[in-house]
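A short worksheet on the structure shown next.
Start at 1 and go down the list; that is how both ligands and their atoms are numbered. Remember, it's a predicted structure, so these values are computed and weren't measured experimentally. In this chain, numbering begins with 1 at the start of the sequence shown.
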Amino acid sequence: MKILLHICCAPCSIYPLKTLGAEGFAVMGYFYRHNIHPYQECLKREETLQAYAQQIDLRVIYQEGYDLEGFLRNMVFRETERCRLCYHERLSAAARIAQKGRFDFFTSTLLYSKFQQHDLIRSVGDAVGKAVGVPFYYSDFRQGWKEGVAESKRLNMYRQQYCGCIYSEKERFYRPKGLD
Ligand code: SF4
């Protein structure tokens, strides 16, 4: 069975790749770029994945272009809903590629993160899969959180400090004066 794995970053891919491989899937990766800001951060994450993919012999489709403007335009005035919109964009892109490439399933490393809205990812994935005609493969990859973190550290991988978009970068680092 062929499965397309949307990969948000290399550290988050370690455990899902291990699990899917053990379940007998032939896995191909898909790296989506528009939600990772600024551009140099996107390149850093992409290069980290390229190096890991080469190491483990994983084929990956890397999204072309860098539509920062389109991403932001989609979020403006809807910032509080941004993660749902972002999941939808990323999973829709993955599902379309899976459909074009005749994959049996698609899934996402977003299901690995303890910091993401897990149930929402699942429901968006299911809906997108139904719309496109490729089933979303659900697995609670969070079970391997500690294992994946330990392995990424052992491999000396670049580990980012925030989810991806500039909104998440602000949430991670900005502390208004008086709240320090
Ligand atoms: S915080 Fe992460 S999931 Fe939410 S919109 Fe930003 S990049 Fe997307």
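Ligand 1 places these atoms under 4.0 Å from at least one heavy atom of Ser168: 1 (S). Those atoms of ligand 1 with a heavy atom of Asn35 less than 4.0 angstrom away are 7 (S). Less than 4.0 angstrom separates some heavy atom of Arg90 from each of these atoms of ligand 1: 3 (S), 8 (Fe). Interface atoms of ligand 1 facing Tyr87, defined by a heavy-atom separation under 4.0 Å, are 3 (S).
Aromatic pair Phe136/Phe106: centroids less than 6.0 angstrom apart.
When hydrogens are left out, the protein atom nearest atom 4 (Fe) of ligand 1 is Cys83 SG, 2.4 Å; that is the closest non-hydrogen contact. For atom 6 (Fe) of ligand 1, the nearest non-hydrogen atom of the protein is Cys165 SG, 2.3 Å. Scanning the protein for heavy atoms near atom 8 (Fe) of ligand 1, the closest one is Cys86 SG, 2.4 Å.
Arg45 forms a cation-pi arrangement with Tyr162, by the criterion of a distance under 6.0 Å to the ring centre and an angle within 45° of the ring axis.
Ligand 1 does not have Met75 within reach: every non-hydrogen atom of the residue lies 4.0 Å or more from it. Ligand 1 does not have Tyr162 within reach: every non-hydrogen atom of the residue lies 4.0 Å or more from it.
Residue Cys163 does not count as close to atom 4 (Fe) of ligand 1, with no N, O or S atom under 2.8 Å.
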| said: I'd like to know whether Tyr87 forms a side chain to side chain donor-acceptor pair (under 3.5 Å) with Gln116, so could you lay out the CA-CA distance, the side-chain angles of the two residues, the decisive distance to 0.1 Å, and finally the verdict. | reply: CA-CA 10 Å; Tyr87 296 152; Gln116 299 290 342; 2.6 Å; yes
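Across Gly65 and Arg33, no two heavy atoms sit closer than the pair O-NH1, 2.8 Å. The shortest non-hydrogen separation linking Ala94 to His6 is CB-CB, 4.1 Å.
Using the six-membered ring where Trp is involved, Tyr66 and His37 have ring planes that are perpendicular, over 60° apart on the 30 and 60° scheme.
With respect to the salt-bridge test (charged N to carboxylate O, under 4.0 angstrom), the residues Lys18 and Glu147 qualify.
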